[in-house]
2 protein chains.
Amino acid sequence: MTKTIGEIAKLAGVAKSTVSRYLNGGSVSAKTKLKIETVITETGYVPNTFARSLKAKKTNIIGTIVPRLNSFATAQTLIGIDEELKDSEYQLLISNTSQDLNREIDSIYSLANQKVAGLILLATKVTERHLDALNKVNIPVILVGQQSEECYSLIHDDEHAGFEIGKYVIGQGHSNIVYLGVSEEDIAVGVKRKKGFKRATYDAKCAVHFAETDFDLKEAMKKFDYLYETYKPTIIVCATDNIALGILKAAQLKGLKVPDDLSITGFGGYDITEITHPSITTVQYYYKEAGLTAAKNIIKLINNEEIHKLTMSKTELVIRESVDKIR
Amino acid sequence: MTKTIGEIAKLAGVAKSTVSRYLNGGSVSAKTKLKIETVITETGYVPNTFARSLKAKKTNIIGTIVPRLNSFATAQTLIGIDEELKDSEYQLLISNTSQDLNREIDSIYSLANQKVAGLILLATKVTERHLDALNKVNIPVILVGQQSEECYSLIHDDEHAGFEIGKYVIGQGHSNIVYLGVSEEDIAVGVKRKKGFKRATYDAKCAVHFAETDFDLKEAMKKFDYLYETYKPTIIVCATDNIALGILKAAQLKGLKVPDDLSITGFGGYDITEITHPSITTVQYYYKEAGLTAAKNIIKLINNEEIHKLTMSKTELVIRESVDKIR
DNA sequence: CTGAAAGCGCTTACAG
DNA sequence: CTGAAAGCGCTTACAG
């Protein structure tokens, strides 16, 4: 059924090597080119990827390692990568790790073993083991979401995002604030967003109470009562939209009116924050665009073109209904 | 750097074919087995996938074609598949089509060309072209979400789901109902859910107005005003949670209180329906479990084991806050 | 520009 | 149980 390069060669009356050269853009005369072209379209010939990869010792696959499949940020980033890659000669291979660090490391080696042309790593944390693995496999890599001195990285401007939220919250007159962040192990979400927020609120005469939770919505809900009762804040600034969603739900379950009784903000710009009632004031992250850029960059790296060590994706404050003006 | 089977053979003092046999579970004596084992662990040898696939003319890849990446249903199904496959000898390859029918067909051929061992197709529609392609490529296939006589299928019990919602809505005393469905081109969502709902409401003395929208949340929002003004329903039964989310938002924007002024239901059991205020009464679909089962089934097919032509995934009514009791 | 030959790293009958 | 040999479908120097 499926043809080989040898059969194509025979049908076209040329040598295998000539067909191969035609396929790979080598020098072929106009008329042999035509002959081969005809045969190929007639037969619907498609080269065998394995044979090709075996010889060439590389593939046209871009491996993308993601921590989870069911996240807005992941999905959008993947969509961006996919969009950029689908019309290129590269193919996207997605490897999910379910937030298991070991699987993440394993995936690096396993994808390298499959001779992927490049690697995009949607990172939540960059450990020594990551760096070590990336070093060993020695293929082009782009980190997305976290930054490392030793890698090409694409990050969102978390600190700026935090700063914008901080400025806005102060501007709305809030002076008793809970900042509900996440562990500082996560540099982007845990450290930088908070840092930007601190910088914006530092000079203002306001109390900011810092608390921590994880990325889980339900966990945030559980934390709500304690935070609200302890600090009686007029606003809870949440380090992710997901956390904000949890706080919103918990507040509403308690019978509070948002934003009249309590204001809430998030980070990320997940679609759903526009749909809740009230809609949530947040900072828009451009995940899809980041994916596009990451894909473009990895292709450049593969082609030995220069790219910046660090690419910054912008963020933008989106003012909606969940923040009250305090007078 | 990376070793070949030949080097392993030399180090172990045996022939390549013996190493190969060891690798593939052929008969090898205990002591040669030990020798080879030692060398392999010492060297960290990993067989070259391409060489293997080239010879064997097949891979251990399960291709999964998805219509979109940013959907709760897709994500959950993929998580299920991934979970089942990650500890097996098979690898998951995800191919996104962005709801482009042509890309869907292309993906079938392209994955077949890559000699995937099996194919899982998260289908929204099954056309002649699909069947044709599936037929031609002649590899094990499982359809998920839609059913076809000519394929192994795994579907959710849409009709039952529709029936349950219908029974519940009637039981709550609603008699002026809008059923907001989708195009009948989609058998599962457009036809079966409605059919079940009709069956449940047929005998009741109530008015059901059938309307249609697409899968887009914003589109549903746009439809709201007309539906509400025209029919003055006490409830809008939406064919997906996404549509329900749109209707909920539109109703709230109009200043209606849900469920006091208007009740709303969905289908799917998306996480977010639990978080909205009010939470949405819906039918829980078990996407992740469906993914697990699909993966198990495709492996059985690959191994020439028997499976049922049709597997039904159950659905379950989840009563929450968005439906009022009418007296 | 074109072709013959070697080789990529594995597996698979076939002998022994 | 074990090994030598052929071959999977391609690409890549090397001659011409």
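Numbered from 1 within each chain, the chains take letters A, B, ... in sequence-line order.
- Whole-Å rounding puts the A:Asn48 CG to D:dT11 P distance at 10 Å.
- With both pairing distances under 3.5 Å, D:dA13 is matched to nothing as a Watson-Crick or G-U wobble pair.
- Looking at the side chain of B:Leu54, the nearest of the listed nucleotides D:dC8, D:dC10, D:dC1 is D:dC8.
- The aromatic rings of B:Tyr287 and B:His156 sit perpendicular, their planes meeting at an angle over 60°, well past the 30° parallel limit.
- Salt-bridge formation is detected for the pair A:Arg103/B:Asp82: a Lys NZ or Arg NE/NH1/NH2 atom is positioned less than 4.0 Å from an Asp or Glu carboxylate oxygen.
- When the options B:Val144, B:Leu143, B:Ile142, B:Val141 are evaluated for a side-chain contact (heavy atoms from CB on, under 4.5 Å) with B:Tyr152, the one that passes is B:Ile142.
- Residue A:Ser29 has a polar side-chain atom (N or O) positioned under 4.0 Å from OP1 or OP2 of C:dT2.
- In this structure, A:Ser20 reaches the D:dT11 phosphate: one of its side-chain N or O atoms is under 4.0 Å from OP1 or OP2.
- Applying the 4.0 Å criterion to OP1 and OP2 of D:dT2, one finds that B:Thr32 has a side-chain N or O inside that range.
- Rounding to whole angstrom units, OH of residue B:Tyr22 and P of C:dG9 are separated by 21 Å.
- Dashed line: the shortest gap from a side-chain N or O of A:Thr18 to OP1 or OP2 of C:dG3 is under 4.0 Å.
- Under 4.0 angstrom from either OP1 or OP2 of D:dG9 there lies at least one side-chain N or O belonging to B:Lys57.
- Comparing B:Tyr45 and B:Arg21 by the nucleotide of DNA chain C that holds the closest heavy atom to each, the one mapping nearer the 5' end is B:Tyr45.
- Judged by distance alone, the side chain of A:Asp157 and the main-chain N or O of A:Ser313 form no donor-acceptor pair under 3.5 Å.
- In terms of phosphate contacts, B:Asn24 brings a side-chain nitrogen or oxygen within less than 4.0 Å of OP1 or OP2 of C:dT11.
- Within the nucleic acid shown, B:Ser27 comes within 4.0 Å of at least one base atom, counting heavy atoms only.
- C:dA4 makes up no base pair with any nucleotide shown, lacking Watson-Crick or G-U wobble contacts both under 3.5 Å.
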